[in-house]
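Notes for the one structure printed next.
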2 protein chains.
Amino acid sequence: MSVLASPVPAVEYDGCPVTRAIHRLGEKWTLLVITLLGRRPHRYNELHRGIEGISQRILTRTLRLLEADGLVARTVHPTVPPQVEYRLTAAGESLLVPLGALAAWAVENY
Amino acid sequence: MSVLASPVPAVEYDGCPVTRAIHRLGEKWTLLVITLLGRRPHRYNELHRGIEGISQRILTRTLRLLEADGLVARTVHPTVPPQVEYRLTAAGESLLVPLGALAAWAVENY
DNA sequence: CAGCATCCAGAGCGATACTG
DNA sequence: CAGTATCGCTCTGGATGCTG
């Protein structure tokens, strides 16, 4: 969003990577999922049990969107029963830095 | 969100200042309004004209929420016709720093 | 100019049941 | 265990018209 036309076109705003990232992070459970995965990898039900109030449907959707964004990696171990591990990618890990700065700001100002 | 219980209670997550800040920033037009006000103060219709696709209702609500959060100051000049100026508060200005870091990350990784 | 009141559509989120 | 399928609802966001 370096140079903004005036009026700011809706298409330009929606297409901006900063906007897209903020809107993804702003979804209801995204921050918590990233925070948990930022500590260590988790299995699916481990996340499900670890987050009070999230439904399977929404947890799955949240994880899939983060995977599509390249922030989370999903690894299936073809065992019986199946075992699926979620962890942050390198990009996901790198998010923790600016996110930590924003968190520190929020604690002070919110 | 320094020490998370397991499972993370919904109440604790919702009450966390980081969560609240991210959720506010994630609302549809918040980032753009903050960005514009980060450049200079704006009058109401200046913002309205400057943001393609936003309705008066939503612009007003966005500004009022940011005002309630202490990020935006609203100044009414009792002239005829009325003139209302919106600008970032000191807290709002301070947000631009971590937000800039997040923006730089997003440009690289999103 | 800077809104408010009213009404409305749809996205997002959730509960529940079921399955490879 | 790790999901998918359906259905339903809340609640954000939007369109329109009016006003101090």
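Protein chains get the first letters and strands the later ones, always in sequence-line order, with residue 1 at the start of each.
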Let me know the distance between [atom1] of [X] and [atom2] of [N], rounded to the nearest Å.
{"X": "A/His23", "N": "C/dA11", "atom1": "NE2", "atom2": "C1'", "value": "14 Å"}
{"X": "A/Leu59", "N": "D/dT4", "atom1": "CG", "atom2": "C1'", "value": "13 Å"}
{"X": "A/Asp14", "N": "C/dA11", "atom1": "CG", "atom2": "C1'", "value": "14 Å"}
{"X": "A/Asn45", "N": "D/dG3", "atom1": "CG", "atom2": "P", "value": "9 Å"}
{"X": "B/Glu85", "N": "C/dC1", "atom1": "CD", "atom2": "C1'", "value": "14 Å"}
{"X": "B/Leu63", "N": "C/dG3", "atom1": "CG", "atom2": "P", "value": "8 Å"}
{"X": "B/Arg74", "N": "C/dC1", "atom1": "CZ", "atom2": "P", "value": "16 Å"}
{"X": "B/Glu52", "N": "D/dA15", "atom1": "CD", "atom2": "P", "value": "12 Å"}

Taking only the side-chain nitrogens and oxygens of [X], find out if one of them lies under 4.0 Å from OP1 or OP2 of [N].
{"X": "A/Tyr86", "N": "D/dC1", "result": "no"}
{"X": "B/Arg24", "N": "D/dT12", "result": "no"}
{"X": "A/Tyr44", "N": "D/dT4", "result": "no"}

Looking only at heavy atoms, what is the nearest atom pair of B/His23 and A/Glu27, with distance? NE2-O, 3.5 Å

For a quick test of reading the model, state the closest non-hydrogen atom pair linking B/Pro81 to B/Thr79 and the distance between them. O-OG1, 2.8 Å

Under 4.0 Å between a side-chain nitrogen and a carboxylate oxygen: does that hold for A/Arg87 and A/Glu93?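 Here A/Arg87 does not pair with A/Glu93 in a salt bridge, since their nearest N and O are not under 4.0 Å apart.
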
Thinking salt bridges, do A/Glu46 and A/Arg40 make one under a 4.0 Å N-O criterion?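 A salt bridge links A/Glu46 with A/Arg40.
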
Tabulate atom names and distances for all N/O pairs under 3.5 angstrom spanning the protein and nucleotides 12-16 of chain C.
residue : atom : partner : partner atom : Å
C/dC13  : OP1  : A/Lys28 : N            : 3.3
C/dC13  : OP2  : A/Arg61 : NH2          : 2.5
C/dC13  : N4   : A/Arg57 : NH2          : 2.9
C/dG14  : OP1  : A/Lys28 : NZ           : 2.6
C/dG14  : OP2  : A/Trp29 : NE1          : 2.9
C/dG14  : N7   : A/Arg57 : NE           : 3.3
C/dG14  : O6   : A/Arg57 : NE           : 2.9
C/dG14  : O6   : A/Arg57 : NH2          : 3.3

Within residues 85-107 of chain A or reaching into it, pairs that qualify as ring-ring contact (aromatic ring centres under 6.0 Å, His included) - sequence neighbours excluded: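 Listed by first then second residue: A/Trp105-A/Tyr110.
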
Does the pair A/Val84 and A/Arg43 meet the rule for a side-chain contact (heavy atoms from CB on, under 4.5 Å), with working shown? CA-CA 6 Å; A/Val84 179; A/Arg43 293 176 59 177; over 6 Å; no

For DNA chain C, whose closest nucleotide is more 5', that of B/Arg64 or that of A/Pro82?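 Upstream on the strand: B/Arg64.
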
Using modelled atom types and a 3.5 Å cut-off, is there a donor and acceptor pairing between side-chain atoms of A/Thr19 and backbone atoms of A/Asp14?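 Checking the backbone N and O of A/Asp14 against the side chain of A/Thr19, no donor-acceptor pair under 3.5 Å is found.
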
